[in-house]
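In what follows, a single structure is set out as structure tokens and then discussed.
Positions are given from 1, in the same order as the sequence printed here.
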Amino acid sequence: MKVKTILVSQPEPKVENSPYFELEQRQRVKIDFVPFIHVEGVESKEVRNQKIDLSQFTAIILTSRNAVDHFFRIAEEMRFKVPDSLKYFCQSEAVAYYLQKYVVYRKRKIYVGKRTFDDLSPLIKKYKNEKFLLPSSDQLKPAVPKMLDDLKVNWKQAVFYKTVVSDLSELRDVFYDVLVFFSPSGIKSLFENFPDFQQNKTRIAVFGNSTIKAAEAHGLVCNIQAPTPETPSMTMALKKYINEVNKK
């Protein structure tokens with residue numbers, strides 16, 4: 001079957017030059033974006049219940065824009081004035097750049113990894129005498145605490161926001177040729193919203209091994225997979241698949 005419609009289980013990209021828009025135009029397919037999950041901040045009371053005292057930390061590890069937003073939200077709710085001396089360890093340049101929304105970049109001590117959490121390891125190790133706070137969601141990857149424990153640094157995790165299943169009832173009677181997933185949470189959302197979902201002729205596109213495992217655990221057949229050496233991005237994997245099936 002040819003591919004004419006695609007549903008991506010994430011928010012629509014805000015940048016004009018997104019590869020999804022180029023894919024849509026060049027392949028003449030319709031791409032919709034609907035977030036299957038969303039983030040909700042926890043209340044400051046819940047953070048206090050985790051025995052978190054922001055004044056006790058000298059450094060903060062920020063893995064995403066959500067972590068940035070919710071750290072400063074909680075600080076404001078707790079009426080905690082973030083000290084100028086606080087050190088910021090950002091997983092990527094994108095996270096560090098986003099930090100400028102809250103602080104004057106050039107006046108803060110900011111350390112930036114290349115892309116993955118592992119990239120931060122040498123930087124954190126260099127400042128192992130700091131007391132680190134890791135604001136995170138309720139679904140922290142196990143590799144993160146393991147790495148911090150292996151570094152033998154003084155650190156504490158705090159859940160500042162949670163990943164929540166979105167209401168997808170408006171999609172009940174809508175059919176797409178391809179559904180695109182990027183996390184096990186997206187697969188979970190699909191089946192929580194539609195327990196009776198049957199794949200039938202729908203193609204499933206998945207990104208990452210954990211997403212593949214979650215899809216297969218629910219009995220789904222993964223027709224499109226990324227990243228691979230040939231298709232490192234989801235848009236490249238979609239383009240390759242569309243070229244193959246739409247030519248037939």
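- Taking the six-membered ring for Trp and thresholds of 30 and 60 degrees, F197 and F191 have ring planes more than 60 degrees apart, a perpendicular arrangement.
- Remark: E76 CD is loosely packed, at most 12 non-hydrogen atoms of other residues, nucleotides or ligands lying under 6.0 Å away.
- Using a cut-off of 4.0 Å between Lys/Arg side-chain N and Asp/Glu carboxylate O, E46 and K162 are scored as salt-bridged.
- Note on ring orientation: taking the six-membered ring where Trp is involved, the planes of F71 and F160 are parallel (angle under 30°, cut-offs 30° and 60°).
- Heavy atoms from other residues, nucleotides or ligands lying under 6.0 Å from CG of D196 number more than 12.
- One finds no salt bridge joining K2 and D177 here, because no Lys/Arg side-chain nitrogen approaches an Asp/Glu carboxylate oxygen to under 4.0 Å.
- Of all heavy-atom pairs between S233 and A226, the closest is O-CB, 3.8 Å.
- Annotation: E244, atom CD; neighbour count of heavy atoms from other residues, nucleotides and ligands within 6.0 Å is above 12.
- Salt-bridge formation is not detected for the pair K107/D84: no Lys NZ or Arg NE/NH1/NH2 atom is positioned less than 4.0 Å from an Asp or Glu carboxylate oxygen.
- Classified by interplanar angle (parallel below 30°, tilted 30° to 60°, perpendicular above 60°), the ring pair F89/F132 is perpendicular.
- Ring geometry for F36 against F181 counts as perpendicular: the plane angle is over 60°, on a 0 to 90° scale with 30° as the lower cut.
- Counting heavy atoms from C-beta on, the side chains of N66 and S137 never come closer than 4.5 Å.
- Remark: K152 does not engage D150 in a salt bridge, criterion side-chain N to carboxylate O under 4.0 Å.
- Comment: E24 does not engage K30 in a salt bridge, judged by the lack of any side-chain N to carboxylate O separation of less than 4.0 angstrom.
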